[in-house]
Amino acid sequence: MDIDETLVRHVAKLARLELTDEEVAGIAPQLSRIFAHVDQVCRLEVEGADPATQAPVPMEGLRDDEPGELLEPRAILRNAPAHDGAFLVVPRFFDGAEGEA
Amino acid sequence: MSAPQVLIGVEVHLQLKTKTKCFSPSRYHYGAEPNTLIDPVVLGLPGALPVLNREAVRLAIRTGLAFGCEIAELTKWDRKNYFYPDLPKGYQISQFDRPLCTGGGIEIDDDDGNPKTIRLIRAHLEEDTGKSTHDEGGTKSRVDLNRAGAPLLEIVSEPDIASAGEAERYLNALREIVSYLGTSDGNMEEGNLRCEPNVNLVFENGDRTAIVEVKNINSVRNVGKAIEYEILRQTRIYHDDGRTMANTPRSTRGWDDTKSATVHQRFKESADDYRYFPEPDLPPLSIARSWVEAERAELPELPRLRRARYAEALGLSPYDAEVLTGDPILAAWFEQALAGPSGPRDAKAVANWVQGELMRHLNEEKVELSQLALTPAGLGELVDLTTSGIINAGTAKALFRDVVRSGESPAALVEARGLAQVSERGPVEAAVRAAMEANVQAVEDFRGGNPKARGRIFGAAMKGLQGKGDPALVNEVLTELL
């Protein structure tokens, strides 16, 4: 895969990373080398194999639906840059798009 | 010029009814004080690791099976990366290429009343985001992270929906099924069911308008209204400006309830780039077929099948079947009342009582079925007393008003109070004669050609029998003597 500067800038924007022109110029060839390595791995024959990065767990390995300990609400508010009553407050971000889920 | 074909696919986010969140033991319920239902996993604090809630998977499997989906043998988790203040970790744990459920469908009636299946592409499990509110014209947004991490089933349909009415029926059918299953409250107002329709049009010459996704809709009726609005708007911009899929990007619009209109929010210039990758903190999940089959065996009879059975096997009208099956608790109550000691009771008679006196009482007193002192068996007994002619309709209604509150046995009360209907000729005739003597004027009026006068005599005769007269016999005797 060819990594050019446009792609580096695009990914940096998605990741909210601020890169200088020099950094962009430096990162593009580095990423290209990493992708060359990944390309090599991709040539392995994996037809029919499950995409298991770890051994899958069965249902018995899951958590029971039992409530556990909660964080103390004041601790949450104290650690936030700003709050208004019980709400966390951030600069208005509504560009029309509500939560994405 | 014929109307364009309408293509609607719907994405539903259904919150599953667990006690705790999808990947952490933090409790979740609607309406709690903001930012109180949070633990380190929800915030993605360093060192906190997600652990999957078995009940969330079970409810998702149960829901998927009811929709006829295939349940994956191996499913896995992926990170969907984006930055938003209501997403504390900076990514959402979701499922990308190995969703829990695939295929299946939901049957609805089309606009002509014929059955139609809306096919599903997939249904996957993921975690919810927090909830944000925005100052009107202000500079701040407020965030409540309680909802973050709650389990969601995202249900994606094929674009098989062809009108606003079909979309509303699809959502109502989906909501009804999950209420039968008990897997979600399915309440759009409380946000535990959210719906985003994707709408576009195909014209006769093959031109297609750009797909528009509509967000922020808070009721089933408004989903229909938003779609109707989009059909008109897209038709207009196609004819006025020649805007099609080929020259216009996909976009997201929001439903504005006060304007009854959709409002442009943003273009999706490039496909949303979420940089999905496998979630390193969670192992894949293997789902034993024995678990799936155990869940399948536990599925209740679903609403459409139950309606068909009420109409076909019980001989109820489509309307009666619709009303009685609309709420699974009501349907179960009805069926218990239907079961008599010596075989099923007359379904129409029981249905009339349930839809008449019983539902009127529930509405007037604003009480739930579960709060009633009257049991289904008690209502059944009352139905038996009327159908067998032991008490008349008036007595039955009066008796209902007592037993609905007290829960006493109607048969025992009839016995104790001597309410049994008077069906012997002797006392009925005596009462009718007495009524005629006491209402000479009415008798003359009737014989003089005023049929309404008959009612006064009938009433007096029934009163003479303390309301317990067999109305058919009273009428018969009255006709003879007049």
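What you see is a predicted model; the values in this text were computed from it and never measured.
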K.L.:
So which of B:I38, B:V51, B:T18 has the largest heavy-atom pair count under 4.5 angstrom toward chain A?
P.N.:
B:I38

K.L.:
Of the backbone (N, CA, C, O) and the side chain (C-beta and beyond), which part of A:L70 lies under 4.5 Å from a heavy atom of chain B, both, or neither?
P.N.:
both

K.L.:
So what's closer than 4.5 Å to chain A heavy atoms on B:T36: side chain, backbone, both or neither?
P.N.:
both

K.L.:
Is B:V57 close to chain A through its backbone or its side chain, or both, or neither, when contacts mean heavy atoms under 4.5 Å?
P.N.:
side chain

K.L.:
Non-hydrogen atoms of chain B under 4.5 Å away: do they reach the side chain of A:A75, the backbone, both or neither?
P.N.:
neither

K.L.:
Should A:D64 and B:R54 count as an ion pair when the cut-off is N to O under 4.0 Å?
P.N.:
yes

K.L.:
Among B:L52, B:L87, B:V42, B:L37, which residue forms the greatest number of heavy-atom pairs with chain A at distances under 4.5 Å?
P.N.:
B:L52

K.L.:
Where does A:E69 contact chain B at under 4.5 Å (heavy atoms): side chain, backbone, both or neither?
P.N.:
backbone

K.L.:
Does any backbone or side-chain atom of B:F23 lie under 4.5 Å from a heavy atom of chain A? Answer side chain, backbone, both or neither.
P.N.:
backbone

K.L.:
Judged by modelled atom types alone, do A:H10 and B:D273 share a side-chain donor-acceptor pair under 3.5 Å?
P.N.:
yes

K.L.:
Side chain, backbone, both or neither: which part of B:I287 has a non-hydrogen atom closer than 4.5 Å to chain A?
P.N.:
neither

K.L.:
Any cation-pi pair here, A:R16 with B:F83, using under 6.0 Å and within 45°?
P.N.:
no

K.L.:
Where does B:T75 contact chain A at under 4.5 Å (heavy atoms): side chain, backbone, both or neither?
P.N.:
neither

